[in-house]
Structures are given as structure tokens and as C-alpha cells.
Amino acid sequence: MKYLNQNEAISVDQDLFNEYKFSVDQLMELAGLSCAHAVVKCFPADRYSRVLVCCGPGNNGGDGLVCARHLALLGYKCTTYYPKPTPKPLYENLAYQCKRMEICSIVECPTVEMSADGFDLIVDALFGFSFKPPVRADFVPVVELLQQTKLPIASVDIPSGWDVEQGKLQDCDLEPTLLISLTAPKLCAKHLKGKYHYLGGRFVPPALQRKYELNLPDYPGNELCVEI
């Protein structure tokens, strides 16, 4: 199985949009749904029912909003923290859908202590493979929460703050318990020390797999994600 560098990850996305005519919201829905299913496999609702979903300003954050909606449908009590909502209809609609699903939203980042008391799991959907440091001021508190918390973390595609190829940039960077790689794993996933690594995104066209020599694993049965 191939691990993508940053340029390859960008090219694969662009091919999905331009060559295969996927829309952003379509891929976001498929990605977020597969993330929710991976969370269910690793963190069952009877033990990890209270989930804080931390969403960033781009596509990764959109994946997180979709994931929160599906987790709510799967029996979890989700709360979203979305410190800088993206002022575009797609993201506004995703946030509105969460609201109408009766998913709580908080406007201030909880402390480490508050998170430990109020949640069982954190979903990290802050930054994707386009992230470049430094972290913007709006996101410093939540990044510090992710670095300091003792709660398990499920990261969407890239652990937030990691370099897409090199992995951790600082020793204090977060270490997720679960990483859900989307479409194909990125090079940083080779540095993962957490317990679980899943691949989500059962939508990659065969010709695209061949073009980039992805050698993706087979998804079992009707599963939307596969452990790697």
C-alpha cells in the first residue's frame, strides 16, 4: 500500500474533483461517514458515548461535522467545537444540520479538566494535509487541549499539527489513539504510535488507484473502513 506525500495527496484530490467529477460535499459526506464507522469500531458507544468533535476551518473540519452527525445517529452524544466557522454555504449547511440533529455546540474551548469530566473521546478534525505552521491564534487553545489531554483522540486523515510527510514537528504534538486515513494514507502515518489505524473512503475509482499505484487493501463485505 502506498503512502502519499503532500503533492500526491493534493493531486489525488484534484483528480477526484476534475477527472472523476466528485463534488466537495459528496466526498466530505463519504469521508465523514467512514470516520464515524471507524470510531464505532474502536470506541463503542456503551463506553465512549460523550464525544467532543473539534472542527477546523477547511475540508477537514467539514469531515468532522459530517462525522459528528453520523455519530449522533449511531447513538453517541456529540458536542462540536468549531472556533472559526467557514463562511461558505457548504460549511454553514453542515453546521446547521448538526444543530437540527440536536448536537450541542460550544463556543469556548474546554480546559483539560473540563474535557476529562465531560467527555470520553475527542475527534480531531482541525487541520488536513494542507496545514502549514504556525497554528493560528484561534486554534492555539484547542491544539493545546489535544496535546495535553489524557482522553483518547481519533484524528481525521492527519493528526492536527503534524507535518503531512514527517509526522510530529514537536515532542509535545498530539498522539492519536486512532487515525482514520482518507482515500489513501499519507507519509506521516508511518510515524503513528497509536493503537488503531483505519483507512476510510470506499470510493476510489480503479483507474485512479492504478495511476498512483495506491495498492489499497480490500474492504471486507459492506464495510466503509478497513484496519491497516
Can you tell me if [X] uses its side chain to pair, donor with acceptor, with the backbone of [Y] under 3.5 Å?
X: Gln6; Y: Glu165; value: no
X: Ser115; Y: Thr111; value: yes
X: Asp173; Y: Trp162; value: no
X: Asn93; Y: Leu90; value: no
X: Ser49; Y: Asp46; value: no
X: Thr80; Y: Tyr82; value: no

Can [Y] be reached from [X] by stepping across I, L, V, M, F, W or Y side chains whose heavy atoms are under 4.5 Å apart?
X: Leu169; Y: Ile158; answer: no
X: Tyr3; Y: Tyr212; answer: yes
X: Leu33; Y: Leu74; answer: no
X: Ile103; Y: Val39; answer: no
X: Val66; Y: Leu27; answer: yes

Check your understanding: Are the aromatic ring centres of Phe127 and Phe139 under 6.0 angstrom apart?
Key -> yes

Would you say [X] and [Y] make side-chain contact, with heavy atoms under 4.5 Å?
X: Asn5; Y: Val164; value: no
X: His197; Y: Pro185; value: yes
X: Lys77; Y: Val51; value: no
X: Asp124; Y: Val156; value: no
X: Ile180; Y: Leu199; value: no
X: Leu178; Y: Tyr198; value: yes
X: Leu216; Y: Gln209; value: yes
X: Val123; Y: Cys55; value: no

Exercise for review: Given salt bridge (charged side-chain N to carboxylate O under 4.0 Å, His left out), test Lys211 with Asp15 step by step and report yes or no.
Suggested key: CA-CA 10 Å; Lys211 176 179 178 179; Asp15 280 3; 2.7 Å; yes

How long is the gap from [atom1] on [X] to [atom2] on [Y], to the nearest 0.5 Å?
X: Ser11; Y: Leu4; atom1: OG; atom2: CG; result: 9.5 Å
X: Arg50; Y: Thr79; atom1: CZ; atom2: OG1; result: 10.0 Å
X: Leu121; Y: Phe119; atom1: CG; atom2: CZ; result: 10.5 Å
X: Tyr20; Y: Gln26; atom1: OH; atom2: CD; result: 14.5 Å
X: Asn60; Y: Ser160; atom1: CG; atom2: OG; result: 6.0 Å
X: Leu179; Y: Cys42; atom1: CG; atom2: SG; result: 10.5 Å

Practice item. Go through the steps to decide whether Cys67 and Leu71 satisfy the test side chain to side chain contact (heavy atoms under 4.5 Å, CB included), and finish with yes or no. Key: CA-CA 6 Å; Cys67 179; Leu71 285 175; 3.8 Å; yes

State, to 0.1 Å, how close [X] and [Y] come at their nearest heavy-atom pair, and which atoms those are.
X: Asn18; Y: Lys21; result: O-NZ, 2.9 Å
X: Gly200; Y: Tyr219; result: C-OH, 3.6 Å
X: Gly64; Y: Val53; result: O-CG1, 3.5 Å
X: His70; Y: Glu29; result: NE2-OE2, 2.7 Å
X: Gly75; Y: Ala45; result: O-CB, 4.2 Å
X: Pro159; Y: Leu174; result: CB-CD1, 3.9 Å

Check your understanding: Could you go step by step and tell me if Asn59 and Met28 meet the side chain to side chain contact (heavy atoms under 4.5 Å, CB included) rule?
Key -> CA-CA 7 Å; Asn59 289 354; Met28 207 170 277; 3.5 Å; yes

Greater than 12 external heavy atoms within 6.0 Å of [X]'s [atom1]:
X: Lys2; atom1: NZ; answer: yes
X: Glu213; atom1: CD; answer: no
X: Asp117; atom1: CG; answer: yes
X: Phe17; atom1: CZ; answer: yes

Point to revise | Lys/Arg N to Asp/Glu carboxylate O, Asp157 vs Lys186, below 4.0 Å | key: yes

Exercise for review: Look at Arg202 together with Glu223 and state whether they make a salt bridge at an N to O cut-off of under 4.0 Å.
Suggested key: no

Point to revise | side-chain hydrogen bond (donor to acceptor under 3.5 Å, both in side chains) involving Gln97 - partner list, sequence neighbours excluded | key: Arg69

Review point. For the residue pair Phe22 and Phe203, does the interplanar ring angle fall in the parallel (under 30°), tilted (30 to 60°) or perpendicular (over 60°) class?
Key: tilted

Exercise for review: Given side-chain hydrogen bond (donor to acceptor under 3.5 Å, both in side chains), test Asp25 with Tyr91 step by step and report yes or no.
Suggested key: CA-CA 9 Å; Asp25 54 341; Tyr91 301 93; over 6 Å; no

Exercise for review: Might you work through the side chain to side chain contact (heavy atoms under 4.5 Å, CB included) test for Phe131 and Leu126, ending with a clear yes or no?
Suggested key: CA-CA 9 Å; Phe131 169 76; Leu126 290 177; over 6 Å; no

**Study point:** salt bridge (charged side-chain N to carboxylate O under 4.0 Å, His left out) assessment of Lys41 paired with Glu227
**Key:** CA-CA 10 Å; Lys41 290 182 178 298; Glu227 189 167 13; over 6 Å; no

Exercise for review: Carefully, step by step, assess Tyr81 and Leu145 under the rule side chain to side chain contact (heavy atoms under 4.5 Å, CB included).
Suggested key: CA-CA 12 Å; Tyr81 175 59; Leu145 168 64; over 6 Å; no

